[in-house]
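When reading the values below, keep in mind they use all heavy atoms of this one structure, side chains included, and skip hydrogens, waters and symmetry mates. Indexing begins at 1, ligand by ligand and atom by atom, following the structure's order.
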Amino acid sequence: MAEVERLEKVAVRRDFTMASMNHSPRHMTTLGGHVITRESDLIPHSYRDEALITWLGKVTGLKAVGVADPLERHVINILHRQGDTHGAHTDDYPLALVLVTEAPSDPADGGLLQWAPDAAGLNALDTAAVRHAHHRPGDGYLLRADTAAHRVTPLRRPGSRRTALNFAYTTPDRQGPVTSSASQLYMRAGEAPPHTG
Ligand SMILES: O=C(O)CCC(=O)C(=O)O
Ligand SMILES: [Fe+2]
């Protein structure tokens, strides 16, 4: 929690709709994996933890491996203004291990995860297939993020915050992003794509 809070000073505000994801809204402050790698030892070190990756493989039945793309492998998303939301999307990589460091204590204040497993499209989130979860600071969850449509609902109250650190994992045959959505959320103006490795 302290590390995520420390890194917020280098995060960048984003306000746009993502064309490739049904124009769903992004109102949040973000920090991409390439900057996290430059600024933090703890997060990249935790991401590579072998016991964690072995556990992920056991739980999911997939051959879980780290993501090669430095931008997307670990990211921080901060919702901190009334109305802030991480709108509907699927991730490029199959597994998202999301660690929540801040969240409204009352589910009525928003910042809930909504997801629809095995969704044919993002509008599954607007059907009876949708599920939701309220997380507390210190909670984590593991999501099949490439096939579940998901979003974080808007913060409803001024002063509320909802912050998450997302560790993405993949399988050996699936390296390389499938959409440009991560570069829209995590690159900075004028920045060259980070070197993959
Ligand atoms: O903040 C969350 O719970 C979800 C994060 C997410 O969907 C993502 O980073 O792709
Ligand atoms: Fe996601």
Side-chain angles (χ1 to χ4, degrees), residues 1 4-5 7-8 11-14 16-18 20-37 43 46-47 56 60 66-67 69-81 83-105 107 109-119 121-125 130-156 160-170 174 177-187:
M1 287 179 184
V4 169
E5 193 184 315
L7 293 170
E8 184 170 348
V12 176
R13 179 73 197 177
R14 313 281 169 167
F16 67 102
T17 58
M18 193 165 291
S20 63
M21 297 288 169
N22 291 5
H23 294 276
S24 55
R26 300 292 179 278
H27 296 291
M28 57 209 279
T29 288
T30 70
L31 190 57
H34 56 316
V35 181
I36 294 174
T37 297
I43 291 175
S46 306
Y47 178 80
L56 288 169
T60 62
V67 162
D69 180 2
L71 194 74
E72 225 175 326
R73 57 168 77 122
H74 36 55
V75 298
I76 294 171
N77 302 320
I78 306 161
L79 312 186
H80 56 103
R81 294 182 188 162
D84 272 8
T85 185
H86 188 168
H89 66 283
T90 49
D91 290 10
D92 283 334
Y93 298 104
L95 299 176
L97 178 65
V98 178
L99 309 172
V100 176
T101 62
E102 296 183 287
S105 51
D109 290 343
L112 304 178
L113 176 73
Q114 287 189 328
W115 80 103
D118 284 320
L122 297 180
N123 37 23
L125 290 168
V130 74
R131 304 174 190 190
H132 64 267
H134 171 239
H135 298 104
R136 293 175 187 79
D139 283 347
Y141 68 87
L142 178 62
L143 183 70
R144 180 65 202 238
D146 59 337
T147 53
H150 57 285
R151 69 180 163 214
V152 182
T153 63
L155 290 179
R156 290 203 155 135
S160 289
R161 290 173 57 89
R162 201 267 187 197
T163 301
L165 170 64
N166 183 358
F167 283 1
Y169 295 92
T170 190
R174 291 186 52 184
V178 293
T179 71
S180 67
S181 57
S183 47
Q184 291 178 61
L185 257 184
Y186 301 109
M187 294 268 289

Using a strict cut-off of less than 4.0 Å between a Lys/Arg side-chain nitrogen and an Asp/Glu carboxylate oxygen, indicate whether Asp84 and Arg13 qualify as a salt bridge. yes

Of all the non-hydrogen atoms in the protein, which one sits nearest to atom 8 (C) of ligand 1, and at what distance? Asn166 ND2, 3.0 Å

If the cut-off is 2.8 Å, does any N/O/S atom of His86 fall short of it from the Fe ion (ligand 2)? no

Among all the protein's non-hydrogen atoms, which is closest to atom 4 (C) of ligand 1, and how far away is it? Tyr141 OH, 3.2 Å

Distance under 4.0 Å to a non-hydrogen atom of His150: what atoms of ligand 1 satisfy this? 7 (O)

Compute the shortest N/O to N/O distance between His86 and ligand 1 and return yes if it is under 3.5 Å, no if not. no

Quick check for you: to the nearest 0.5 Å, what is the distance between Asn166 atom CG and Ile76 atom CD1? 10.5 Å

Ligand 1 atoms in contact with Val98 (distance to a heavy atom under 4.0 Å): 2 (C), 3 (O)

What part of Asn77, side chain, backbone, both or neither, has a heavy atom within less than 4.0 angstrom of ligand 1? side chain

Among the N/O/S atoms of His150, the Fe ion (ligand 2) lies closest to NE2

Indicate whether the side chain of His134 and that of Asp139 have a donor and an acceptor atom separated by less than 3.5 Å. no

Within the 3.5 Å criterion, strictly below it, is a donor on Asp92 or Thr179 matched to an acceptor on the partner's side chain? yes

Taking only heavy atoms of Asp91, which atoms of ligand 1 are found under 4.0 Å from at least one of them? 10 (O)

Can you name the nearest heavy-atom pair linking Val75 to Gly33, along with the distance? CG1-N, 4.1 Å

Quick one: look up the protein heavy atom nearest atom 1 (O) of ligand 1 and list residue, atom name and how far away it is. Arg162 NH1, 2.6 Å

Determine the sole option in Arg162, Met1, Arg136 for which the side chain to side chain contact (heavy atoms under 4.5 Å, CB included) test with Val100 is passed. Arg162

If the contact criterion is a heavy-atom separation under 4.0 Å, does His135 count as touching ligand 1? no

Are a donor atom and an acceptor atom from the side chains of His80 and Thr29 found within less than 3.5 Å of each other? yes

Of all heavy-atom pairs between His132 and Trp115, which one has the smallest distance, and what is that distance? C-CZ3, 3.6 Å

How wide is the angle at the Fe ion (ligand 2) between NE2 of His89 and OD1 of Asp91, to the nearest 10°? 90°

Check if His89 has a non-hydrogen atom at a distance under 4.0 Å from any atom of ligand 1. yes

Hey, is Arg161 close enough to Glu5 for a salt bridge, meaning N to O under 4.0 Å? no

For Ala164, atoms of ligand 1 separated by under 4.0 Å from a heavy atom: 1 (O)

Can you list the atoms of ligand 1 that are under 4.0 Å from a heavy atom of Val152? 1 (O), 2 (C), 3 (O), 4 (C)

Considering all heavy atoms, the nearest Val4-Thr101 contact: CG1-OG1, 3.9 Å

